[in-house]
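Encoded as structure tokens, the structure appears first; notes follow it.
The sequence lines fix the lettering, A, B, ..., with proteins before strands; numbering per chain opens at 1. Below, each value reflects all heavy atoms present in this structure, side chains not excepted, and no hydrogens, waters or symmetry copies.
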Amino acid sequence: MASQASETTPLELVIFHDDSRFAHDSIDLLAGFPFLIVKESLGLPATIAATKNKLKKRRPTVIIGREVPSQVKELPTSSHLLLITQAELSEQVLNAWQGDVLMGDCSPAMVRKRLSLWCASHRVENQLASFEESLSWYMQRIEREHELIEHIFRNAMSRNYLDYPHIRTLLAPAEKFNGDLCLVAPSPTGSLYVMMADFTGHGLAPATGALPVSQAFFAMSERNVSIAEMVTEFNFRLSRLLPDNMFCACFLMELSANGERITYWNGGMPPALVFGSDGEIKHRLTAKHMALGIVPTADFESDVTTLKVGSGDSIALYTDGVIELLSQQREFLGLDALEDLLRRYPERERFTDLLSELEHFRGEEPLRDDLSLAILECRETGLEPRREESNRDIFPFHFSTTLSRRELQQTDVVSTLVSALGRLPPLTAHRTTIYLLLAEVFNNALEHGLLGLESAIKAQDQGFETYYELRQEKLSQLEDGQITIQLTYFSEANQLQFEVENNGAAWRFSSEAIDAEATDDEQAYGRGLALLMQLADNLEWSSDGRKVRFRYDLSQLG
Amino acid sequence: MASQASETTPLELVIFHDDSRFAHDSIDLLAGFPFLIVKESLGLPATIAATKNKLKKRRPTVIIGREVPSQVKELPTSSHLLLITQAELSEQVLNAWQGDVLMGDCSPAMVRKRLSLWCASHRVENQLASFEESLSWYMQRIEREHELIEHIFRNAMSRNYLDYPHIRTLLAPAEKFNGDLCLVAPSPTGSLYVMMADFTGHGLAPATGALPVSQAFFAMSERNVSIAEMVTEFNFRLSRLLPDNMFCACFLMELSANGERITYWNGGMPPALVFGSDGEIKHRLTAKHMALGIVPTADFESDVTTLKVGSGDSIALYTDGVIELLSQQREFLGLDALEDLLRRYPERERFTDLLSELEHFRGEEPLRDDLSLAILECRETGLEPRREESNRDIFPFHFSTTLSRRELQQTDVVSTLVSALGRLPPLTAHRTTIYLLLAEVFNNALEHGLLGLESAIKAQDQGFETYYELRQEKLSQLEDGQITIQLTYFSEANQLQFEVENNGAAWRFSSEAIDAEATDDEQAYGRGLALLMQLADNLEWSSDGRKVRFRYDLSQLG
Amino acid sequence: MSVTRHLSSDGKELTISIHGKFDFGVVHEFRRAYSSLGDEKPVVYIDLRNTEYLDSSALGMLLNMRKAIINQVESVAIINTNPQVKSILEISRFDKLFKIE
Amino acid sequence: MSVTRHLSSDGKELTISIHGKFDFGVVHEFRRAYSSLGDEKPVVYIDLRNTEYLDSSALGMLLNMRKAIINQVESVAIINTNPQVKSILEISRFDKLFKIE
């Protein structure tokens, strides 16, 4: 006991006593114990009220009397009080008195024993009180944290397209907030992105990770970024954001607009399940990668898998929480059982039955983990590809440029022109086609007119490469020659006229040759002229083939 | 006690006894107490080892013997053990025995008393143990949180320009991480943004708030966004992000490139102090606004204050933590003392002295709050304004457009043209000037040539408004008339030629009039022509003033 | 919202910002922005940080403003000009009438 | 990096993406992208989601590719075409030779 006492500071006592011989002997005894210090020694107050006032909360107090002081019966409940008396205690007093007692007839060893036990229990209670305080501080803190996390998730999700008509979801957080993330967004080409992610750790990591990941997901979906680039970006962000021991399992997929193709990346998630309308499990899309936030960008593997899916197929994405669902018998649901459920309820309308079965399996057992399940039907998404708005502001113009050796060698003429003039209102929605047409006639003028290249080279083995190497070489050696480009927009007709002229060699335009080329579907060159003939109106060559002029009708869909 | 016992479930006891009459009587007595349940009653094991094996941690166990069983001396320390015996206990046994004791000669009332005290202490210890477990869980969680927060802050700060040569900072977090945010960034025009912010709450709120706020700060600094717009954006983000009871006090300022002007917004921060090189406190920039994250956007007040500062002045930004710094005598530093320190150490070189004084004031007292202090010298920033790269790609071109009634009425001609052609390489860096010049001659052609407006109207009271209302009216009534704009870039000369012609009324160009106008510095109209004469080369009017042609030299700085 | 105005709460600074194009299209907005100046003789700042294009009518409006308010204000400064705008203002000799930054 | 290639780890899909401009400037890169196909007769996807401009040499390169690999692959599909690119491919009758999405 001495060794125990030395480990802690001695307990400071306040003593009330009746000034009897017994009391003074007891005080002397108490003062002799190394684990006690008598801090104050006071006479017994005359009234209960006075006694109560002098008792301080949790201050160890000893009351000593030859007889039992009349006050003790009405003193407050406290294990911090000890009564020492020589008198026999009646059953009534013993029941009423909430503190400890020590009878005067004990041996000194027993007194020491009792006192040291009393001290120990006093210390434990103090510790308990301080633990209680800390705990309530932590709990408040956690509660604030929950609020914050809820806010963040609500924000992160506000653009989520869970209303997409061909997806059914069950999103059941184990706690107030969710460590799972199920995101859906349309792409501008009409395809659909779906992400199912599961962050490790409690509230904070998912919350801080969810915000940048969901922002990136929605922004990149709008820009029609590929799955591989998306996961690379997510991984980059999360690697920087999350400490080493935290990560994010993720299944990210894109369903093509026609509903026939799935491109996916699975990092650390359970296998997504592709099943037919009859419930047959056709594919298990298992994880080939580590979860996000672990691997540095340089080592990150972004390679995706593409899969043909049949009409009527569906795909089930889900987090760990689903297959690790505990039954009341404390058995895991397991992958087999999930597959079985999908086999039994493959139809869209039976999704609620499937949920009831899960509910039934779980019974009264609380959720241990967040549980998210999404079933997406593989069918035409029905999402309209976004078209660039065709601005019919009227703006007739004529643009011409005459490019000489230096300009031809140094400038990417077609790109420069199309990216500037493509901003004029009538042309905006047609940039890609205008580029193709202008590139065709400009390259013709440069390659055949000025550089004297023969398309026939392209027909040889490796001909394409040879041709473009030759082009490069001849262009750098070009001594003179110029190309004039004129673009004229006629607002009445809504047509753009192209006119491109060079001062080089004559070039024989033969429509038969073009026809022949164009009908040979597999010939790799000469397609440009064929395209030109199909897209252009009023196509005409003049000046021995040095000058070409045609119009392109902007009324057709961009 | 009965009422107490009913509040908690009865304690389950395991009893070891020597099968004596005393033991059985005691067991009967124990079984009679409503707050106890005898779960198992076993004979005394033969050996200590066997006894030890049967004792389970924290299971309340009673050992009963007529004599003291020889084992008790060597049993493990546990307050969960109670020894009941009829024998007198020697001092040696009492000192060795770590559990509680109950002597056989006690009255039944005393037995009940002792047992209920023992039960109570048992319960307290159990509770303590479970609190201890919870606490360690929470502490681990908080530790993980700290890691995460550190990561986030490190990321948020990675673009911080604390190396700016004319700022000195003291950034002392109270804990491992900082709830203060001190951000510095240059603007593209050469001004400098500085932000000092102080988030309420512990680690999490600052961490989640710091990321989006610092990202927005750096992105907006690059775009040279005004202080008012910045704080509006921060407030918008934080209002969405932070729960109602959390916010972010913030002082945001911009120092103009010449170092003579400060624009600031102070929401809930202590007054920033502007002081002269002699230490005189010249201004106290007190908060006029609520902190960020409280007020909804509609009610948010973004109005800023602008202040002239003298050469040699400095400005001290700091968080609460500085003036609420506690000394070892537990006194606050206070604003007056901080001002006094600035008065005594105003010079750049004395910053370390100032810090030593703060250090000295604090002594051994731990930091209660994050403490951030930044002193910025108000002098020319020396940051180079970012110029748009002047791309000297050669690209001669000629652009012409002829605009008739409908186009003139419906299109913003000058903007449309400049934003498209301004993307052609030689023009990019000169967009603003090209706009001015083209607007001048185009508006001349439209207003004087086609609409027949007289500049003299502008000289009347409210003339400007009248003039432009008239312009609007006449334009909408325009029946015919056209304007031809031709822009030609001569790559050799690096000049852009403007040619604008209208088919309207003749217009007399008088260079004397222009000279007269131009010399009257304060005349509000006619300045365009004067500017034209100064910026343009080869300016000439023809066709009775219906046609103007001039060149602009792109070799001058954009 | 292409012209915004902020009068500081002590009435000592008025900041007028023009976003995008500064031309006759904002003539009313601009006049409104300096129509009430308070009694504190404020310093007026014309903030052109977001002004990409301006034409000579903008110069006229600036001069009109100056004429209208010069006796009720402390001074007028044109601030946050980009290099092209700054050189236009200097060529127009605005630096004699305004402080230009 | 205007042409990227991903061969799936089971060797059954090869995805080739072209960023920005698809023209003779990427002729070598593009050929390299389909030079090794593995032994699994992969499906080849030409992903044009990031292709803003293309010219007729791109069409030629696509045909050359098809000729070179058609016997070693399962099929070739051109995917994620924007509406303008799609209509160009259809006018060129590429829909007879490639699956176009």
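- Note: A/Ser226 leads A/Gly463, A/Ala439, A/Ser226 in heavy-atom pairs under 4.5 Å with chain D.
- Of the two parts of A/Val225, only the backbone, made up of N, CA, C and O, holds a non-hydrogen atom closer than 4.5 Å to a non-hydrogen atom of chain D.
- Applying the 6.0 Å contact sphere to CD of A/Glu454 captures no more than 12 heavy atoms from other residues, nucleotides or ligands.
- By the 4.5 Å heavy-atom criterion applied to side chains, D/Lys99 and A/Arg261 are not counted as neighbours.
- Proximity to chain D is limited to the side chain of A/Asn258, based on heavy atoms less than 4.5 angstrom apart.
- Contact of A/Ser415 with chain D is made through the side chain alone, with heavy-atom distances under 4.5 Å.
- Across all non-hydrogen atoms, the minimal contact from D/Ser56 to A/Gly528 is CB-CA, 3.4 Å.
- Distance check, rounded to the nearest 0.5 Å: OG1 of A/Thr432 to CG of D/Leu54 gives 8.0 Å.
- Neither the backbone nor the side chain of D/Lys86 comes within contact range of chain A; no heavy atoms are under 4.5 Å apart.
- D/Lys21 places a side-chain heavy atom less than 4.5 Å from the side chain of A/Tyr435.
- With a 4.5 angstrom heavy-atom cutoff, D/Ser17 does not touch chain A via any of its atoms.
- Minimum heavy-atom separation, A/Ser256 to D/Glu101: CB-OE1, 3.7 Å.
- With respect to chain A, the highest number of heavy-atom pairs below 4.5 Å among D/Arg31, D/His6, D/His28 belongs to D/Arg31.
- The line from CD1 of A/Ile227 to CG of D/Asp47 is 10.5 Å long, rounded to the nearest 0.5 Å.
- Between D/Asp55 and A/Phe442 there is no side-chain heavy-atom pair separated by less than 4.5 Å.
- For a residue to count as touching a neighbouring chain, one of its non-hydrogen atoms must lie under 4.5 Å from one of that chain's; by this rule D/Lys12 does not touch chain A.
- Heavy atoms of other residues, nucleotides or ligands lying less than 6.0 angstrom from CD of D/Glu90 number more than 12.
- Atom OG in D/Ser75 sits 6.5 Å away from atom NZ in A/Lys308 (nearest 0.5 Å).
- The CG atom of A/Leu436 sits 6.5 Å away from the CG atom of D/Leu59 when rounded to the nearest 0.5 Å.
- Chain D forms more heavy-atom pairs under 4.5 Å with one residue of A/Thr305, A/Ile434, A/Asn443, A/Thr189 than with any other, namely A/Thr305.
- To the nearest 0.5 Å, atoms CG (A/Leu531) and CZ (D/Arg93) are separated by 9.5 Å.
- Nearest heavy atom pair, residue A/Glu254 against residue D/Asn80, reads OE2-OD1, 3.9 Å.
- Between the A/Gln534 side chain and the D/Ile88 main chain, no donor and acceptor come within less than 3.5 Å of each other.
- Salt-bridge formation is not detected for the pair D/Arg49/A/Glu229: no Lys NZ or Arg NE/NH1/NH2 atom is positioned less than 4.0 Å from an Asp or Glu carboxylate oxygen.
- Note: D/Phe24 CZ to A/Tyr468 OH = 6.5 Å, rounded to the nearest 0.5 Å.
- Residues D/Ile91 and A/Leu535 have side chains in contact (heavy-atom distance under 4.5 Å, counting atoms from C-beta outward).
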